[in-house]
Amino acid sequence: MSVDEDTGASGEARFVEELADKDDFSQWYQDTVRKAEMAEDSPVRGCMIIRPYGYAIWENAQRGIDDRIKATGHENAYFPLFIPGSFLQREAEHVEGFAPEVAWVTRAGSEELAEPLVVRPTSETIIGHAYARWVQSYRDLPLLINQWANVVRWEKRTRLFLRTSEFLWQEGHTVHRTEDDAERETLLILHQVYQDFVERELAMPVIPGLKSDSERFAGALRTYTLEAMMGDGKALQAGTSHNLGQNFARAFDIKFQDADGQVKIAWTTSWGMSTRIIGALVMVHGDASGLRLPPRVAPTQAIIVPIWRKEAEREAVAAVVAEVEATLRAAGVRVKADWREERPGFKYSHWELRGVPLRIEIGPRDAQKGEVVLVPRTDRTAKESVAVGELGSRVPALLDEIQRALYDQAVAFRASRTYRASSFDELAERMADREHLGFVEAWWCGDAACEAEVKTRTQATIRCLPLDQPGGSGACVRCGKPAAKWAVFGKAY
RNA sequence: CGGGGUGUAGCGCAGUUGGCUAGCGCGCAGCGUUCGGGACGCUGAGGUCGGAGGUUCAAGUCCUCUCACCCCGACCA
């Protein structure tokens, strides 16, 4: 895809032509994020500047997540950015997992620090340290806390939103009395917080599943995940929930005296969802014209484009625009009118690029009839004229339809790119077909060697073992031995 | 971190074998004409060529180092 190399149309105009040739998905993604003014690179390697439009989407996502976290009984708190370096060492697997990407602070001003600090890559350790003091009795449990924070992981290869050296997220950390309680919590978060949020608000279908041991969080007993398919058929982990067993509780001495008088080691969980979902949003719904935002998280749900030539027309249109704005605000719609001195066509593509779900055109002809024209982002040919008086009910209904359409389209796309393989060759063939890349479902014997072999030869990994297992058994896609696990393979972001 | 590529105006690019006040398109500012799918004219502002060092009478063009970004791998939310 050539980028802005010839003359003629404006920058944004040409962008559409470029996007129409969506063959280079990575380039398309970068361009879309940048041109829609969501984010851009910063002077610091791998760190991004989240611009107001991107941040507004994040704020809406935060609200959706936070509401669910609170609704399931958790409270927010805040723990420090800096963690004593020694904390990381306490859990063997954990330090091994994170050490390579941890940023250290060794000096303050001109003083060398007595104990170097790590900039949190995640907060299990420092939170565990506090929990050890807070938890004394079974009556203190469960302890259900979440925090919104930034974390730093010095990644080798970064991409706006998808993988940045610093990212924003929420991380929940809970402590429980029994193993069952911890497992229940882990799954509650996975389904009622994450899956519900991602599917309802982001209109992004996901497969809830269990990670294989090799993909498990460093220090966890079990890691659950939500796997989503991006527009190029690759997989992206949209959220994770870990049952940490007693690993961290043991390392940080989180104990309690139970009703039977015994002192017991607690069971903990942790779970997180990050700004990465913004990248997923772009890659799942975007099209050749740019973003397509689900109404639930769109900063602007409806954009009014007034059309006029003469001053008299402008006044007539302005009166209707004001009425429409008032009506829609009253109906709870996030609406804006674009009064810039630009031609209508320019504004259409401007807002399409930014993914605004619904465009409302109001011109002299409409003003005269007391109508407006509604044009959904999901189908520009589906224009409908609606009387101003009906907008209060019609627009919210239409936004719901758009939300639904985005979800349905994503489900249909995923279905069209989900295959089954009964042999290694079939699996390898699928993973080699870049044009129709997708998920491959197959039996797996559970042997890490088979998993590793598949990865080496096809670059595909086990995204998850879906919680919704078909049951029964079959032959492992790699070794052919009896297999009881149904796995989803895919190339991951 | 390995392989490949690129850094020239806000963005996208051109700058012939080193040689005059470094160009072009978009964007931006002003004025005018336009306005139901990305308008046009005129005028104008804006770069010292990623950074450092070197070669040379002369460096955007050559050399060394360095930084950043992109693509492909390995690592990861």
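We name chains A, B, ... by the order of the sequence lines, and we start the count at 1 in each one. Computed over heavy atoms, backbone and side chain alike; hydrogens, waters and symmetry mates excluded. Everything numeric in this text was worked out from a predicted model, so none of it was measured.
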Would you state whether a donor and an acceptor, one from the side chain of A/Arg309 and one from the base of B/G36, lie under 3.5 Å apart?
no
Any donor-acceptor pair, under 3.5 Å, between the side chain of A/Glu361 and the base of B/G37, if you only look at N and O atoms?
no
Contact class for [X] (heavy atom, under 4.0 Å): base, sugar-phosphate, or nothing?
X: A/Gly272; result: nothing
X: A/Arg340; result: nothing
X: A/Leu162; result: base
X: A/Thr164; result: base
X: A/Gly279; result: nothing
X: A/Glu352; result: base
X: A/Val373; result: base

Should the ring pair [X] and [Y] be called parallel, tilted or perpendicular, given that the plane angle runs from 0 to 90° and is split at 30 and 60?
X: A/His74; Y: A/Trp271; answer: perpendicular
X: A/Trp169; Y: A/Phe167; answer: perpendicular
X: A/His129; Y: A/Phe87; answer: tilted

Nearest whole angstrom, please: distance from the [atom2] of [N] to the [atom1] of [X].
X: A/Glu96; N: B/C76; atom1: CD; atom2: C1'; value: 14 Å
X: A/Lys156; N: B/C72; atom1: NZ; atom2: P; value: 19 Å
X: A/Glu155; N: B/C76; atom1: CD; atom2: C1'; value: 4 Å
X: A/Asp366; N: B/C35; atom1: CG; atom2: C1'; value: 15 Å
X: A/Lys234; N: B/C72; atom1: NZ; atom2: C1'; value: 10 Å
X: A/Gln368; N: B/G36; atom1: CD; atom2: C1'; value: 14 Å
X: A/Gln170; N: B/A77; atom1: CD; atom2: C1'; value: 11 Å
X: A/Arg153; N: B/C75; atom1: CZ; atom2: C1'; value: 12 Å

What does [N] pair with, Watson-Crick or G-U, if both distances are under 3.5 Å?
N: B/C28; result: B/G44
N: B/U34; result: none
N: B/C65; result: B/G51
N: B/U56; result: none
N: B/A9; result: none

Using the [atom1] atom as the point on both nucleotides, what is the distance between [M] and [N], in whole Å?
N: B/A59; M: B/U48; atom1: C1'; answer: 12 Å
N: B/G12; M: B/C72; atom1: C1'; answer: 24 Å
N: B/U64; M: B/U55; atom1: C1'; answer: 11 Å
N: B/C62; M: B/G25; atom1: C1'; answer: 30 Å

Do the side-chain N and O atoms of A/Thr223 and A/His242 include a donor-acceptor pair separated by under 3.5 angstrom?
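Yes.
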Indicate whether the side chain of A/Ser241 and that of A/Thr186 have a donor and an acceptor atom separated by less than 3.5 Å.
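Looking only at side-chain atoms, A/Thr186 and A/Ser241 do not form any donor-acceptor pair under 3.5 Å.
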Please compare A/Ala238 and A/Glu341 by the position of their nearest nucleotide in RNA chain B and report the one closer to 5'.
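Result of the comparison: A/Glu341.
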For A/Leu160 and for A/Phe98, find the nucleotide of RNA chain B with the closest heavy atom, then tell me which residue's nucleotide is more 5'.
A/Leu160
Can you tell whether the side chains of A/Lys70 and A/Asp66 come within less than 4.0 Å, N to carboxylate O?
yes
So, does [X] get its side chain near the phosphate of [N], meaning an N or O under 4.0 Å from OP1 or OP2?
X: A/Arg159; N: B/C71; result: yes
X: A/Lys455; N: B/C75; result: yes
X: A/Arg157; N: B/C72; result: yes
X: A/Arg343; N: B/A39; result: yes

Value rounded to 0.5 Å, distance of CG in A/Asn146 from CG in A/Asn76:
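If I round to the nearest 0.5 Å, the distance is 4.5 Å.
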Aromatic ring of A/Phe346 stacked on base six-ring of B/A39, 5.5 Å, 30°
no
